[in-house]
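Accompanying notes for the structure given below.
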Amino acid sequence: MSCTPTTQNEHRYCASLAGSIELKWQSDWDAANINVVGNPNDVGFDLSKPKFYCLDMFPYPSGAGLHVGHPVGYIGSDILSRFKRMQGFNVLHPMGWDAFGLPAEQYAIETGVHPATTTRSAIDTFREQLKRIGFSYDWSREFATIDPDYYKWTQWIWLKAYDSWFDEENQKAKPISELISGLEQETICCGDTPWKNLSQTQQDVFVDSKRLAYLGEYIVNWCPKLGTVLANEEVVDGRSERGSHPVVRRSMRQWMFRITAYADRLLYDLKGLDWPESTLRMQKDWIGRSEGADIDFSLDASDEIIRVYTTRPDTIFGATFMVLAPEHPFVESIKTPNVLTYVEEARNRSDVDRMADSKEKTGVNTGMFAINPANGTKIPIWIADYVLMGYGHGAIMAVPAHDDRDHAFATAHSIQIIEVVQPQELCDGCFSGEGIAINSSSEVVSIDGQQTIDAKETIIDWLKTSGFGSGKVNYRLRDWLFSRQRYWGEPFPIVFDEAGKHYPISEASLPVELPTIEDYTPPVSDEPQPLLAKAESWVHTTAGEAGVDPSILSPETPVRREVNTMPGWAGSCWYELRYCSPSCDSRFVDRDAESYWMGNGVDMYIGGAEHAVRHLFYTRFWQKMLFDLGEVSSNEPFKTLFHQGLLTSFAFQRSDKTLVPTTDVEEQDNKFIEKNTGEEVTQIIAKMSKSLKNVVNPDDVIAEYGADTLRLYEMYMGPLEASAPWNTNDIVGAHRFLQRVWRLGIEEESGNLRSCLGAETNEDVERALHKTIAKVTGDIPELAYNTAIASMIEFVNTATNEGCITTNQLDQFVRILSPFAPHISQELYARLGEEGFVCASQWPVFDEAMLTSSTVELPVQIMGKVRGKITIPAEANAEEIEQSALQDERIKECLEGLTVRKIIVVPGKIINIVAN
RNA sequence: GCCGAAGUGGCGGAAUUGGCAGACGCGCCGGAUUCAAAAUCCGGUUCCCGUUUAGGGAGUAUGGGUUCGAGUCCCAUCUUCGGUACCA
């Protein structure tokens, strides 16, 4: 419970006092622009200071407003930012809004209210709530991804990608113009026909096929209910991640990003990043690099060749059949009824079904045979949907003895199994590990007796010399599907002529703004119908009207605008750059500002682990693209990354699993009872969400305790990276601590400074202060805020018990407290007579000598159990310590009748006597 | 299935390179203050045995191991939470 001041303690630190202190200083800070940091070319900007770019993952402002889980990471980054400022850094600490997205559009569908209206009002709510917590953001840099000034440059970057290709040889993106001149000068080859012999159309097709942002015909995840395609990662168990609607696979022409070109660099550059190990692992897995071989199998009845990819070329002698994906091009040529039926079925099977019976391996025998190049054996060719067209070549050599899936398939369809790898140790079931090759020799190649690693090499060498194949590196990563059939996203700056050829909008005509439409209902249809197509007068225009460069297309030409929009990820792929110079209108980011702040990437990036793969991966990709094109100075956007833990909350279920609002539950005798019914309910720990009825609003907490208490409590719950359940009862501990801090300086009766502040320095308090400064100074850069706070509590307890603290001691203490609880610290700082702002003051230094004392107490163990303690001078040597321990009365007693065998002395730590 | 993280009092959690397990907070118990309550302050609080004290024993998911000494290192097992899913 929060306190209410009475006449005796009118000036106690209670919610009302906290509130008035907080609002006063927030407005003073704003008025003084205390958190506005300039840029290198600004007057008065001190370039001699080191820079620190501390960034939060910006939020999607939902209509429900903030809950107490949102600020966890923001408080963490705010403490670090304040600390760095006090240590003399120029700190860039901005905030903005990731504001395009489905919820606002869904709301528009239901109510007809324009998404911009709901989004803007949600942003206002979020901003107000954040400001009330007292964050030190430089709000002058705020922007939202829906601002035309911002998405203009999102479109511009996309056009950059459209106008670039990836030079494999140099592993680097370059402008399309360099590709064309290379082709013209024949330094770059475009296939069998020379460039100059190609028709204009053929040349265009070739160039288009090289663009980093390209139009591709792909099998995509189409969600009829949402009326849009989804990226693979937006599909969970064959259903849409959002809303859980069925997803079907179909072929569509969509804008893609050639992210696979960067697979190697995205993988290799992970090495230099200071990121959580688990996130690095996930990024690696996402790329899924594997080494193996491409092997060409000829067919016994035709001249066709089928290429497969395998990571185990050493098992080629065990390949007893071949499997093609139903979508494999060769399958089209097979017209037998059972194949046609199976392929048709496979196509219609939704991903939901495929997932559901993934254990059962279906397939059909084509009746055709391929020839195993290693031993000339004829092996049957099957078609099965467990082989995916999107990976490798959509065809595999099946080795049932050493691959679980092939084994399951062979068992189900009675296909021969031949063991060709002997395990080092006995094992049961299908063995897919490494071992020694057996049954693997023929006239052309033999690997019997070789270890797997050598056998692979032998086979690859043989493949190369015999022309049957070669070593190959493959990736799990696919190109990034970048089109969505949504309204509330960035429009693509591109138009099509009547023949379907695409033309970019010129930079001068950006942004391509979203048109307003009457009705946001997506056409529910099996045929994809982007919502923007409804804005007919916008869609059908002329090249001149749309802003196509007249030198590539004459202005009167009728054109059709792209009606897809970019996915929600787009705006967050480069926002860290825009913060450097958010109002720059000549460029997406000012060059000097970018190279100063982003020179070696963001110094601390804090956000949830739920973005460990996608957002971070996409942003890294955009950064590398821009880096290659000379637009930015850093190859990686985020040097250091930190994931704050999930704030969970208790929720309560009735026996029928229905949920009870947290507020309707009370605890009685260690049981949880629903107040209205008296029924017992079970407590579960879950994410805070509206549906679980366990949301806690920070506004309520602030009203009851103040923002400083909220900040302190959230940081004190446990390590920042760990999940912990919100427990309203615990907040009072943080509040009491601040009350004691207040009482160190202020008389509760009068509100005056305490008279004892002028007293002499108490040595114990002074030592405790230095120890605390040392601890907090060390903990903040580690983001170990919970232990930093614990040490400050200890200090305040010490000072309170000693009864006295000096002005100077309190002044230093409020400085180290200020990153955590900026308002109360500021108030005390001012009352102590300091001018200006505590957040602009210097971070205190501690005296190393004050951390050690002249005597130490050492525990004495006998056989590993503590039996006594001795107090000795800190500088005592091992010999003296040993003697002192043996002479201790209590130790003597314990050693009676025992023979001392050995004494271990660890100076400053412990003494262990081995005796029996 | 695979990959990753984590299991410490009634609860959230502390514990440098192996060196006094349980810092700090919540809760609980007792006391002060109060007409009373709230708030605040002071003291106690891992469990078991010891009526009190002195003291003793057990104890960091489980079972083993290394070591003078293990929450920490090694092996095996269990549980929970994330991520991923036919990637050949």
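Quantities reported herein were computed from a predicted structural model and do not represent experimental measurements. First the proteins, then the strands, lettered A, B, ... as listed; each starts at 1. Just so you know, these numbers use all the heavy atoms, side chains as well, and skip hydrogens, waters and symmetry mates.
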Exercise for the section: Answer yes or no: does a side-chain N or O of Arg867(A) lie under 4.0 Å from OP1 or OP2 of G56(B)? Expected result: yes
Practice task
Remember a base hit wins even if backbone is also touched, and classify Arg901(A) as base, sugar-phosphate or nothing at under 4.0 Å, heavy atoms.
Solution key: nothing
Exercise for the section: Look at the side-chain N and O atoms of Asn727(A) and state whether any lies under 4.0 Å from the OP1 or OP2 oxygen of G13(B). Expected result: no
Fill in the blank from the handout: For C86(B), the nucleotide meeting Watson-Crick or G-U wobble distances (both under 3.5 Å) is none
Practice task
Establish whether the base of C26(B) is bridged to the side chain of Asp730(A) by a donor-acceptor pair shorter than 3.5 Å.
Solution key: no
Exercise for the section: State the pairing partner of G7(B); accept Watson-Crick or G-U wobble contacts with both distances under 3.5 Å, and report none otherwise. Expected result: C78(B)
Practice task
With P as the reference atom in both, quote the distance from G22(B) to C75(B) in angstrom, rounded to an integer.
Solution key: 29 Å
Exercise for the section: Using the closest heavy atom to pick a nucleotide of RNA chain B for each, name whichever of Lys865(A) or Met397(A) lands nearer the 5' end. Expected result: Lys865(A)
Practice task
Just call it for Ile904(A): base, sugar-phosphate, or nothing, with non-hydrogen atoms closer than 4.0 Å on any strand.
Solution key: base
Exercise for the section: Determine yes or no for a side-chain-to-main-chain donor-acceptor pair under 3.5 angstrom, with Tyr713(A) supplying the side chain and Thr728(A) the backbone. Expected result: no
Practice task
Look only at the side chain of Tyr785(A) and the backbone of Leu720(A), and say whether a donor-acceptor pair between them is shorter than 3.5 Å.
Solution key: no
Exercise for the section: Please determine if a side-chain N or O atom of Gln739(A) lies less than 4.0 Å away from the OP1 or OP2 oxygen of U40(B). Expected result: yes
Handout entry: Lys687(A), NZ: over 12 other non-hydrogen atoms inside 6.0 angstrom
Key = no
Problem - Base-pairing mate for U53(B) - Watson-Crick or G-U, with both contacts under 3.5 Å - result: none
Practice task
Record whether the side chain of Lys909(A) comes under 3.5 Å of the base of C20(B) through a donor-acceptor pair of N or O atoms.
Solution key: no
Problem - Identified pairing partner of U33(B), criterion: Watson-Crick or G-U wobble below 3.5 Å - result: none
Practice task
Answer with base, sugar-phosphate or nothing: what part of the nucleic acid does Asp404(A) contact at a heavy-atom distance below 4.0 Å?
Solution key: nothing
Practice task
Identify whether any heavy atom of Arg476(A) sits under 4.0 Å from a base atom; if not, whether one sits that close to sugar-phosphate; answer base, sugar-phosphate or nothing.
Solution key: base
Practice task
Check the side chains of Asn474(A) and Ser290(A) for a donor-acceptor pair under 3.5 angstrom, ignoring hydrogens and angles.
Solution key: no
Problem - Tyr309(A) vs Gly864(A), nearer the 5' end of RNA chain B by closest nucleotide - result: Gly864(A)
Exercise for the section: Would you please confirm or rule out a distance under 4.0 Å between OP1 or OP2 of U40(B) and any side-chain N or O of Arg740(A)? Expected result: no
Problem - Below 4.0 Å: OP1/OP2 of C42(B) and any side-chain N or O of Asn801(A) - result: yes
Practice task
Using the C1' atoms only, state how far A38(B) lies from A14(B), rounded to an integer number of Å.
Solution key: 32 Å
Exercise for the section: Looking at every strand, decide which applies to Ser290(A) at a 4.0 Å heavy-atom threshold: base, sugar-phosphate, or nothing. Expected result: sugar-phosphate
Problem - Interatomic distance at P, U72(B) relative to G7(B), whole Å - result: 11 Å
Practice task
Under 4.0 Å between any heavy atoms, over every strand shown, what does Pro719(A) touch: base, sugar-phosphate, or nothing? Just pick one.
Solution key: sugar-phosphate
Handout entry: Pairing partner of C24(B) (Watson-Crick or G-U wobble, both distances under 3.5 Å)
Key = G12(B)
Exercise for the section: Kindly state whether the ring of His735(A) and the ring of Tyr13(A) have centres lying under 6.0 angstrom apart. Expected result: yes
Exercise for the section: Quote, to the nearest angstrom, the P distance that separates G10(B) from U62(B). Expected result: 13 Å
Handout entry: Distance, C1' atom - from U80(B) to A37(B), rounded to whole angstrom
Key = 43 Å
Problem - Whole-Å C1' distance, G82(B) and C86(B) - result: 22 Å
Practice task
Could you check how far CD of Glu749(A) sits from P of U33(B), rounded to whole Å?
Solution key: 17 Å
Exercise for the section: Describe the nucleic acid contact of Val914(A) in one word from base, sugar-phosphate, nothing, applying a heavy-atom distance below 4.0 Å. Expected result: sugar-phosphate
Exercise for the section: Verify the contact: side-chain N or O of Asn729(A) to OP1 or OP2 of C11(B), cut-off strictly under 4.0 Å; return yes or no. Expected result: no
Handout entry: Test item: side-chain donor near acceptor, Tyr386(A) and Asp406(A), under 3.5 Å
Key = yes
Handout entry: Over 12 non-hydrogen atoms of neighbours within 6.0 angstrom of CD in Glu434(A)
Key = yes
Handout entry: Gap in Å between the two P atoms, one belonging to C42(B) and one to U33(B), rounded
Key = 15 Å
Handout entry: Residue-phosphate contact under 4.0 Å: Arg736(A) side-chain N/O, U40(B) OP1/OP2
Key = yes
Practice task
If G69(B) has a Watson-Crick or G-U wobble mate with both distances under 3.5 Å, name it; if not, just say none.
Solution key: none
Exercise for the section: Give one of base, sugar-phosphate or nothing for Asp406(A), where a contact means two heavy atoms less than 4.0 Å apart. Expected result: nothing
Exercise for the section: Using a 90° cut-off around 0 for syn, call G18(B) syn or anti. Expected result: anti
Problem - Phe321(A)-Phe409(A) aromatic ring centre distance below 6.0 Å - result: yes
